[in-house]
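Working notes, beginning with the structure itself.
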Amino acid sequence: MKYKNVFALGDCSSLPTSKTGAAIRKQAPATVANILDMINGKQLSGNYNGYTSCPLVTSYNSMVLAEFDYDKNPQESFPFDQSKERFSMMMLKKYGLPNLYWHGMLRGRA
Ligand SMILES: Cc1cc2nc3c(=O)[nH]c(=O)nc-3n(C[C@H](O)[C@H](O)[C@H](O)COP(=O)(O)OP(=O)(O)OC[C@H]3O[C@@H](n4cnc5c(N)ncnc54)[C@H](O)[C@@H]3O)c2cc1C
């Protein structure tokens with residue numbers, strides 16, 4: 001790290017993980033914690049494990065939601081096998097994720 005008071009997140013950060021909005025959702029709290037720690041003269045405590053999420057649309061009615069970390073270990077959010085094509089995941093992308101984005105992420109709630 002060359003400049004200790006410069007922080008980056010999102011697509012411009014060039015972190016070795018897939019660049020997605022889902023990744024930014026996990027990067028943002030770690031970045032905020034680190035900036036606050038720096039301002040307060042504390043050791044940086046924010047941590048990010050490379051989590052990212054790729055919605056793979058497999059048909060008009062199905063999708064696989066791949067979620068993984070820096071080491072490509074699965075980081076699945078749901079209590080079922082997400083490697084299977086599912087209608088429910090397509091509905092999540094169509095209706096759930098836009099809500100999460102507009103009403104959660106952009107308002108700092110999620
Ligand atoms: C087709 C497509 C589909 C995607 N689908 C998904 C998905 O389903 N799920 C998901 O999680 N992610 C998805 N992504 C990825 C997601 O959109 C990006 O990872 C995310 O938008 C990156 O956010 P960011 O804020 O880092 O960068 P950006 O959203 O690129 O924001 C950067 C901003 O900086 C502005 N800018 C650039 N240069 C300057 C300058 N010199 N001065 C001032 N402003 C400047 C740009 O205009 C832009 O508004 C998709 C991306 C693409 C392209």
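Numbering of ligands and ligand atoms starts at 1, following listing order. These values consider heavy atoms only, across backbone and side chains, with no hydrogens, waters or symmetry-generated copies.
Of all non-hydrogen atoms in G10 and Q27, the two that sit nearest each other are N-OE1, 2.8 Å. Here the closest heavy-atom approach between residue P98 and residue K93 is recorded as CD-O, 3.1 Å. Here the closest heavy-atom approach between residue S83 and residue V64 is recorded as O-CG2, 3.8 Å. Considering every non-hydrogen atom in both L9 and I24, the closest pair reads CD1-CG2, 4.3 Å. Taking both residues in full, the closest heavy atoms of Q82 and S77 are given as OE1-N, 3.0 Å, listed atom of the first, atom of the second, then distance. Between E85 and S62 the shortest heavy-atom distance is OE1-OG, 3.3 Å.
For S53, no nitrogen or oxygen atom sits less than 3.5 Å from a nitrogen or oxygen atom of ligand 1, counting backbone and side chain alike. Considering backbone and side-chain atoms together, G21 places an N or O closer than 3.5 Å to an N or O of ligand 1. Ligand 1 has no nitrogen or oxygen under 3.5 angstrom from a nitrogen or oxygen of C12.
Heavy-atom proximity to G10, at under 4.0 Å, picks out these atoms of ligand 1: 26 (O). Contact atoms of ligand 1 toward A22: 11 (O) (distance under 4.0 Å to a heavy atom of the residue). Atoms of ligand 1 lying under 4.0 Å from at least one heavy atom of K19, given by number and element, are 15 (C), 19 (O). Less than 4.0 angstrom separates some heavy atom of I24 from each of these atoms of ligand 1: 20 (C), 22 (C), 23 (O), 24 (P), 26 (O). Residue T20 has at least one heavy-atom neighbour below 4.0 Å for each of these atoms of ligand 1: 10 (C), 11 (O), 12 (N), 15 (C), 19 (O).
Looking only at heavy atoms of the protein, atom 30 (O) of ligand 1 is closest to D11 OD2, 4.6 Å.
For L97, no heavy-atom contact with ligand 1 is shorter than 4.0 Å.
Of the options P55, P98, A23, the smallest heavy-atom separation from atom 7 (C) of ligand 1 is shown by P55.
Contact annotation for atom 22 (C) of ligand 1: protein present (non-hydrogen atoms, distance under 4.0 Å). Under the 4.0 Å distance rule, the nearest protein heavy atom to atom 11 (O) of ligand 1 falls inside the cut-off. Distance remark: protein heavy atom not present below 4.0 angstrom from atom 28 (P) of ligand 1. By the definition of a contact as any protein heavy atom under 4.0 Å away, atom 19 (O) of ligand 1 is in contact. The protein does not reach atom 35 (C) of ligand 1 closely, with no heavy atom under 4.0 angstrom from it. Using a 4.0 Å threshold on non-hydrogen atoms, atom 15 (C) of ligand 1 counts as touching the protein. Distance check on atom 3 (C) of ligand 1: every protein heavy atom falls at or beyond the 4.0 Å cut-off.
Proximity of K93 to ligand 1 is established by a heavy-atom distance of less than 4.0 Å.
To the nearest 0.5 Å, atoms CE (M89) and NZ (K94) are separated by 15.0 Å. Rounded to the nearest 0.5 angstrom, S53 OG and F68 CZ are separated by 8.0 Å.
Side-chain N or O atoms of D37 include one that pairs as donor or acceptor with a backbone N or O of S45 at under 3.5 Å.
For Y48 and Y70, the gap between ring centers is short of 6.0 Å.
Summarising the local packing, OH of Y95 is surrounded by 12 or fewer heavy atoms from other residues, nucleotides or ligands at distances under 6.0 Å. No more than 12 heavy atoms of other residues, nucleotides or ligands lie within 6.0 Å of NZ in K42, so this atom counts as exposed by the packing criterion.
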